[in-house]
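This structure is a prediction, so every number in the text was calculated from the model and none was measured.
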Amino acid sequence: MLRRKFLQNTSSAFLLLATGQVVKAEGKWLDDLQSKKLRLRFVVASDGHYGQPDTDYVGFFKTIVTRINAAHAANPFAFCMINGDIIHDDKTHCPAAKAALDKLNLKYYVSQGNHDKLTPVEWEQTWKMPLNLHFNIKKNSFVIASTSNEKGTYLCPDLAWMATTLETLKRQKNVFVFIHINPVKLTTNAVDCPELLTLFTKYKNVRAVFNGHDHDEEKIKLKDNVPFIFDAHFGGNWGTAYHGYRIVELYNDNTIATWVMKEEVEGSEMKINEDMI
């Protein structure tokens, strides 16, 4: 009942069902959610833009770390994903940005955005992980790929690497992909990677693709039945009026609930744009 009350106090509540449907979490769907057992929980945030002139980037990072740590203490996450544009062009900001994120009280991963202007070697030296990687949590896999380079060019992810990786993971129950720039022209600032979309549709266990980059996007957009999920921004100087992050929960029946958290209002965070997939 507490969870139902919590969900009812949010707007735009949706579910990503095991069937591939995206439905609003209300009525019967909301009732059904109460009986589901939570299997996995993670958090996604993007676009901190550490070092961007005329922004409170130090404060933005401190705030997002504090908020995620508080949510993690209340109901633990398996990991946190920082999905690109961690810094703002100048790589000398990397040590300070990393020091800020190292205050997260949970494992975190990072992806390269167009403002993260580092070479592959510099990226691995800074973040202690390669640009393209995947990891597993039981029967769930998480794929991270770069959509840019040291010049800030908008790019499609490495298609050969992605094809090999998804083939390797084809027997996994679920695959979640994290890439900074939307690759299917669903937004003004997206790129067009038709071969990548074909690849995603080939592997039915690709449950969702998480994108940052578009600070004004906060919902789910479908393309050929593949959900592309956005989480607004936690830094920078444009986008939604709030700074947010996204929570994702996977249940025992393979239903996924996801929602965006915005800033505190009267002492408590507000939950918006909830989805089930």
Side-chain angles (χ1 to χ4, degrees), residues 14-23 32-33 35-44 76-84 106-112 120 124 127-147 155-184 186 193-212 220-231 246-258 275-277:
F14 294 88
L15 304 172
L16 280 74
L17 304 179
T19 60
Q21 289 178 278
V22 178
V23 299
D32 289 347
L33 187 62
S35 64
K36 299 182 189 302
K37 182 179 179 181
L38 183 63
R39 181 187 299 168
L40 178 69
R41 193 169 191 258
F42 60 91
V43 58
V44 186
F77 300 113
F79 66 91
C80 173
M81 179 67 207
I82 306 296
N83 201 11
L106 68 162
K107 174 71 175 178
Y108 73 88
Y109 297 87
V110 292
S111 72
Q112 184 182 35
E124 191 157 359
W127 298 108
K128 313 307 178 188
M129 64 186 75
L131 285 172
N132 300 322
L133 73 149
H134 77 271
F135 63 95
N136 301 329
I137 300 178
K138 297 183 178 179
K139 294 296 290 182
N140 305 290
S141 294
F142 305 87
V143 177
I144 302 169
S146 172
T147 51
L155 299 173
C156 297
D158 185 328
L159 188 66
W161 180 86
M162 187 68 74
T164 299
T165 300
L166 293 182
E167 178 65 18
T168 299
L169 302 176
K170 66 182 180 181
R171 291 185 175 83
Q172 288 289 86
K173 185 74 172 178
N174 299 296
V175 173
F176 301 92
V177 179
F178 302 93
I179 48 178
H180 181 69
I181 300 175
N182 178 262
V184 293
L186 287 173
C193 311
E195 292 178 317
L196 183 67
L197 181 60
T198 299
L199 196 60
F200 287 157
T201 59
K202 174 182 175 182
Y203 293 95
K204 302 305 180 184
N205 61 349
V206 174
R207 294 295 304 281
V209 180
F210 293 87
N211 299 144
I220 291 177
K221 295 176 179 286
L222 288 173
K223 181 74 171 181
D224 291 358
N225 295 317
V226 178
F228 292 86
I229 304 179
F230 299 83
D231 55 85
R246 180 173 286 280
I247 291 175
V248 184
E249 293 186 344
L250 174 65
Y251 296 91
N252 60 334
D253 68 346
N254 226 36
T255 294
I256 299 164
T258 181
D275 303 81
M276 282 196 181
I277 50 182

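- Note on residues 134-144: no pairs pass salt bridge (charged side-chain N to carboxylate O under 4.0 Å, His left out), not counting sequence neighbours.
- Tyr109 places none of its side-chain heavy atoms less than 4.5 Å from the side chain of Phe178.
- Ring centers of Phe142 and Phe42: under 6.0 Å apart, within the cut-off.
- Minimum interatomic distance between Phe228 and Val226 (heavy atoms only, all atoms of both residues): CD1-O, 3.3 Å.
- Between Asp158 and Ala160, the shortest heavy-atom contact is OD1-N, 3.2 Å.
- Scanning both residues, Pro157 and Met162, for their nearest heavy atoms gives CB-CE, 4.2 Å.
- Interatomic distance, Gln112 CD to Ile181 CD1, rounded to the nearest 0.5 Å: 9.5 Å.
- Using a 4.5 Å cut-off on side-chain heavy atoms (C-beta onward), Trp161 and Val143 make contact.
- For the pairing with Phe230, the side-chain contact (heavy atoms from CB on, under 4.5 Å) check across Asn182, Val44, Ile220 returns one residue only, Asn182.
- Checked by atom type and distance alone, the side chain of Ser111 pairs as donor or acceptor with a backbone atom of Gly84 at under 3.5 Å.
- Relative ring orientation between Trp127 and Tyr108 is described as perpendicular, the plane-to-plane angle rising above 60° on a 0-90° scale split at 30° and 60°.
- When every heavy atom of Leu38 is checked against every heavy atom of Leu250, the shortest pair comes out as CD1-O, 3.6 Å.
- When all heavy atoms of Leu106 and Cys80 are compared, the pair lying nearest together is CD1-N, 3.7 Å.
- For the atom pair Asn225 CG and Phe200 CZ, the distance stands at 14.5 Å (nearest 0.5 Å).
- The neighbour count for Asn252 CG, taken as heavy atoms of other residues, nucleotides or ligands under 6.0 Å away, is above 12.
- Closest heavy-atom contact between Val110 and Ile144: O-CG2, 3.6 Å.
- Here the CZ-OH distance, from Arg41 to Tyr251, works out to 8.5 Å after rounding to the nearest 0.5 Å.
- Atom-to-atom distance recorded for Lys202:NZ and Lys170:NZ is 8.0 Å, nearest 0.5 angstrom.
- Atom-to-atom distance recorded for Asn211:CG and Leu186:CG is 8.0 Å, nearest 0.5 angstrom.
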Under 3.5 Å donor-acceptor pairs involving side-chain atoms of residues 203-210, not counting sequence neighbours:
{"unit_1": "Tyr203", "atom_1": "OH", "unit_2": "Glu167", "atom_2": "OE1", "d": "2.5"}
{"unit_1": "Lys204", "atom_1": "NZ", "unit_2": "Thr201", "atom_2": "O", "d": "2.8"}
{"unit_1": "Asn205", "atom_1": "ND2", "unit_2": "Leu169", "atom_2": "O", "d": "3.0"}
{"unit_1": "Asn205", "atom_1": "ND2", "unit_2": "Gln172", "atom_2": "O", "d": "3.1"}
{"unit_1": "Arg207", "atom_1": "NH1", "unit_2": "Asn174", "atom_2": "OD1", "d": "2.8"}
{"unit_1": "Arg207", "atom_1": "NH1", "unit_2": "Asn254", "atom_2": "O", "d": "3.0"}
{"unit_1": "Arg207", "atom_1": "NH2", "unit_2": "Leu17", "atom_2": "O", "d": "3.3"}
{"unit_1": "Arg207", "atom_1": "NH2", "unit_2": "Asn254", "atom_2": "O", "d": "3.1"}
{"unit_1": "Arg207", "atom_1": "NH2", "unit_2": "Ile277", "atom_2": "O", "d": "2.8"}

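- Take Thr19 and apply the side chain to side chain donor-acceptor pair (under 3.5 Å) test, not counting sequence neighbours, and it matches Gln21.
- Considering CG of Leu166 and CG of Leu199, their distance stands at 5.0 Å, rounded to 0.5 Å.
- No donor-acceptor pair closer than 3.5 Å links the side chain of Thr147 to the backbone N or O of Leu155.
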